[in-house]
Amino acid sequence: MARHLVTSALPYINGIKHLGNLVGSMLPADVYARYLRERGHEVLYICATDEHGTPAELAAQEAGLPVAEFCRQQFEAQKAVYEGFSLQFDHFGRSSSAANRELTQHFAERLTENGYIAEREVKQVYSNADGRFLPDRYVIGTCPHCGFDAARGDQCENCTRLLDPTELINPRSAVSGSTDLEFRDSRHLFFEQSKLAPELRAWISTRQGWPVLTTSIALKWLNEGLEDRGITRDLSWGVPVDREGFENKVYYVWFDAPIEYIGATREWAELDPSARDWRSWWYEAQDVTYTQFMAKDNIPFHTVWFPGMEMGTREPWKIADYIKGFNWLNYYGGKFSTSRKYGVFTDAALEILPADYWRYFLVANAPESDDVSFTWELFAAQCNKDLADTLGNFVNRVLTFSNKRFGASVPEGGEAGPVEAELGNRLADLLAEYETHLDGMQFRKAAHTLRAMWSAANGYLEAKAPWTAVKTNPQDAALTLRTAMNLIRLFAPLARPLIPDTAAKLDAIFAPLPTTASLPTTASPTIATSPTTPWPSMHEAQTLDGLPAGTGFTIPPVLFQKITDEDVAGWRTRFGAPAEEA
């Protein structure tokens, strides 16, 4: 089986992330990594907190903490939330690690040796009111390209164009709001990525099957002409510049952040004595397929900036084979806002409902082809219909009725007939479709197909009506229930990539079979594993006879509670839904 390296965009350190951050990178990466493990592949899923830059310094100052301690606390808080969502990272690291510092300095040294880093005297924004140089992202003004009035000095969030603070119209300090700004000379290092433009274009032209979103953003950057970018800042928090005359500067956060994918892998290998050499995943790693997941604002840095850095070292670093880009998840058509407490943030989401509600809904509505708007009404309707009614009610009806009529073990019944054969053929077709969608990282389609399997199970149960048949043909009723229990057993591994906590409950329903074994996993030792039903073959889906008569079972608590109108009304008030949508 192939080896797969999976990374998701690094969440920034200054605060708990909202649902859009989750569905735009980490959650689909987790679904994909879980699926690959189910199919027997060796997988390494890496992520980390992005901890450097001015926002971290200012947030720490506001919190009254040293920046290192602030970042440590925020790392622990974010890590706890991601564990709550059952994100199965093999390692969740920190960009402030010693490994990343050493690798960042190595990249800078190699790029310098190869003529891709140069010293330049630049005019840098100095705020007299704040008494400090302002990094690009802390100069705010109107974008000269699209007119967005809150564009940062490094990039416009609205049109994604890269900017220089000197281009902004009516610039002001993001720290104090002061317009008392001036430009002072400062010497900095620049990454001359323009020299790599032909090489990058040639590389992108070989990327077959990438999402249109990913390719179009990459080509937009190249077609507009790559600009050389400063990679140092006048800050105290960050990877120090190991160069004479630059003792009081650090590397730009966007220079060291992508290197942390490698740094976190190195940390993982150092922490796990049984792990492969970290270099085998990143250096001369021809047998590794590398897939990245990120929202569209991060795409330019992963299709052009980071690959250019890797190419410029002239060392055989692993470059992405596939980049899965996502559009925005909005909140009632508008953007999530941390400052206005507008929208749903991941810690609050887990306070009100278990993770699988969120995982299923977000995957089923992943913003793959266009932006998607979250509303409480849609969330409640889809969770109630798909999770509570279609899956949860099926499981409860089958087990409760069978226990009442035939006891707490799988009944035998008669031989399968044409209705069971038709159901098996349908399930085999849907399984093939499901695997195709997950192989292709088409997550909305995959969720739709999984639900179609649950619907097929309900259709079969309604057609056979064992609660009626038991009165006149108990053997056929027993067959129906045995087939339905095989469907429940089939649903456990199939649901595991999307709703792993629920899948574990389905696995626990039936007594372990002699053939049940723990699946191979590359998960870290901190991730609990237990005997699970293996991923089904097409034959198992078609025959639906893997669970023998006489197997004991237990009836679990209700898998999914219904979301009420009162719940929706309360959440609309708490999370700031607009009144006109009521």
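Excluded from the calculations below are hydrogen atoms, water molecules and symmetry mates; all remaining heavy atoms, backbone and side chain alike, are included.
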- Item | Atom pair CD (Gln74) and CD1 (Ile16), whose distance is rounded to the nearest 0.5 Å | 6.0 Å
- When rounded to the nearest 0.5 angstrom, what is the spacing between OH in Tyr357 and CG in Asp501? 12.0 Å
- Salt bridge flag under 4.0 Å for residues Glu260 and Arg94: no
- Message: Under the criterion side-chain contact (heavy atoms from CB on, under 4.5 Å), I'd like the reasoning laid out for Cys159 against Cys143: C-alpha separation, chi angles, the key distance, then a yes or no.
- Response: CA-CA 9 Å; Cys159 69; Cys143 175; 3.9 Å; yes
- For Ser409 and Gly550, the nearest pair of non-hydrogen atoms, with its separation, is CB-O, 3.7 Å
- Message: Between Ser216 (side chain only) and Leu213 (backbone N and O only), is there a donor and an acceptor less than 3.5 Å apart?
- Response: yes
- Cut-off 3.5 Å, side chains only: do Thr449 and Glu433 have a donor facing an acceptor? yes
- For Tyr460 and Thr480, the nearest pair of non-hydrogen atoms, with its separation, is OH-CA, 3.3 Å
- So, Arg496 and Asp507, do they make that salt bridge, N to O below 4.0 Å? yes
- Ile323 side chain near Phe293 side chain, heavy-atom distance below 4.5 Å: no
- Message: Looking at Arg72 and Glu69, is any side-chain nitrogen of the basic one under 4.0 Å from a carboxylate oxygen of the acidic one?
- Response: yes
- Query: Which of parallel (below 30°), tilted (30 to 60°) and perpendicular (above 60°) describes Phe89 and Tyr45?
  - Reply: tilted
- Message: For Thr502, is there any backbone N or O sitting under 3.5 Å from a side-chain donor or acceptor partner on Asp356?
- Response: yes
- Message: Treating Asn21 as the side-chain partner and Lys17 as the backbone partner, does any N or O pair qualify as donor plus acceptor under 3.5 Å?
- Response: no
- Query: Is the shortest heavy-atom distance from the side chain of Tyr138 to the side chain of Pro55 under 4.5 Å?
  - Reply: yes
- Check: Pro556 and Asn396 side chains under 4.5 Å, non-hydrogen atoms: no
- Query: Where do Ala495 and Leu450 come nearest, in terms of heavy atoms and distance?
  - Reply: CA-CD2, 4.2 Å
- Do Leu427 and Met453 come close enough that some side-chain heavy atom pair is under 4.5 Å? yes
- Task: Check the pair Asn298, Gln292 against side-chain hydrogen bond (donor to acceptor under 3.5 Å, both in side chains), reporting the backbone distance first and the verdict last.
- Result: CA-CA 11 Å; Asn298 283 324; Gln292 297 177 338; over 6 Å; no
- Query: Do you know which two heavy atoms are closest between Pro11 and Ala48, and how far apart they sit?
  - Reply: CD-O, 3.0 Å
- Note on the structure: Taking every heavy atom of Leu387 against every heavy atom of Phe560, the minimum-distance pair comes out as O-CD1, 3.4 Å
- Item | Residues Lys445, Glu368: salt bridge by 4.0 Å N-O rule | no
- The reported gap from CG in Asp149 to CZ in Arg172 (rounded to nearest 0.5 angstrom) is 6.5 Å
- Query: Can Glu540 and Leu431 be said to form a side-chain contact (heavy atoms from CB on, under 4.5 Å), step by step?
  - Reply: CA-CA 10 Å; Glu540 289 173 308; Leu431 174 58; over 6 Å; no
- Just wondering, are more than 12 heavy atoms of other shown residues or ligands nearer than 6.0 Å to CD in Gln73? yes
- Worked verdict on Leu391 versus Ile499 for side-chain contact (heavy atoms from CB on, under 4.5 Å): CA-CA 12 Å; Leu391 175 61; Ile499 46 175; 4.1 Å; yes
- Message: In the structure I gave you, are the side-chain heavy atoms of Met485 and Leu399 within less than 4.5 Å of one another anywhere?
- Response: yes
- Message: Salt bridge or not between Arg574 and Asp567? Use side-chain N to carboxylate O under 4.0 Å.
- Response: no
- Item | Minimal non-hydrogen separation, Ala60 against Val67, with atom names | CB-CA, 3.6 Å
- Task: Determine whether Phe374 and Asn330 make a side-chain contact, defined as any pair of heavy atoms from C-beta on separated by less than 4.5 Å.
- Result: no
- pair Thr49-Tyr12: side-chain heavy atoms closer than 4.5 Å: no
- Query: Taking C-beta and beyond as the side chain, do Leu544 and Leu487 meet within less than 4.5 Å on heavy atoms?
  - Reply: yes
- Is the Trp328-Phe326 ring centre distance short of 6.0 angstrom? no
- Between Trp467 and Phe401, how do the two ring planes meet: parallel, tilted or perpendicular, split at 30° and 60°? perpendicular
- Trp254 ring center near Phe301 ring center (under 6.0 Å): yes
- Message: Tell me whether Glu62 at atom CD has more than 12 heavy atoms from other residues, nucleotides or ligands lying less than 6.0 Å away.
- Response: no
- Side chain Ser373, main chain Tyr332, donor-acceptor under 3.5 Å: yes
- Query: Should Asp371 and Lys296 count as an ion pair when the cut-off is N to O under 4.0 Å?
  - Reply: yes
- Item | side-chain contact (heavy atoms from CB on, under 4.5 Å) between Leu559 and Val395, worked out | CA-CA 8 Å; Leu559 295 178; Val395 172; 4.1 Å; yes
- Message: With rounding to the nearest 0.5 angstrom, report the CG to NE2 distance, Leu36 to His41.
- Response: 5.5 Å
- Message: Any side-chain to backbone donor/acceptor pair from Arg359 onto Leu498? Under 3.5 Å, distance only.
- Response: yes
- Item | Approximate separation, where rounding is to 0.5 Å, of Trp571 CH2 and Glu377 CD | 11.5 Å
- Item | Distance-only donor-acceptor check, side chains Gln155 and Asp297, under 3.5 Å | no
- Please lay out, stage by stage, how Phe575 and His18 fare under the test ring pair (Phe, Tyr, Trp, His ring centres under 6.0 Å). CA-CA 12 Å; Phe575 295 100; His18 56 67; over 10 Å; no
- Query: Where the side chain of Asp90 meets the backbone of Ile46, is there a donor-acceptor pair that is under 3.5 Å apart?
  - Reply: no
- Message: Let's go through Glu38 and Arg34 carefully: what are the C-alpha distance in whole Å and the side-chain angles of both, what is the deciding distance for salt bridge (charged side-chain N to carboxylate O under 4.0 Å, His left out) to 0.1 Å, and is it a yes or a no?
- Response: CA-CA 6 Å; Glu38 292 289 337; Arg34 283 177 174 275; over 6 Å; no
- Query: Hey, what's the ring geometry for Phe75 with Phe92, parallel, tilted or perpendicular (30° and 60° as the breaks)?
  - Reply: parallel
- Task: Indicate yes or no for a side-chain donor-acceptor contact from Asn384 to the backbone of Ala380 under 3.5 Å, with no hydrogens or angles considered.
- Result: yes
- Message: Taking Leu547's backbone N and O only, do any of them form a donor-acceptor pair with Asn486's side chain (distance below 3.5 Å, no angle check)?
- Response: yes
- Message: Let me confirm one number: the CG-CG distance from Asp30 to Leu87, rounded to the nearest 0.5 Å.
- Response: 5.0 Å
- Angle class for the Tyr434/Trp535 ring planes (parallel below 30°, perpendicular above 60°, tilted otherwise)? parallel
- Basic-acidic side-chain contact under 4.0 Å: Arg426, Glu422: no
- In terms of the angle between their ring planes, are Trp358 and Phe379 parallel, tilted or perpendicular, with boundaries placed at 30° and 60°? parallel
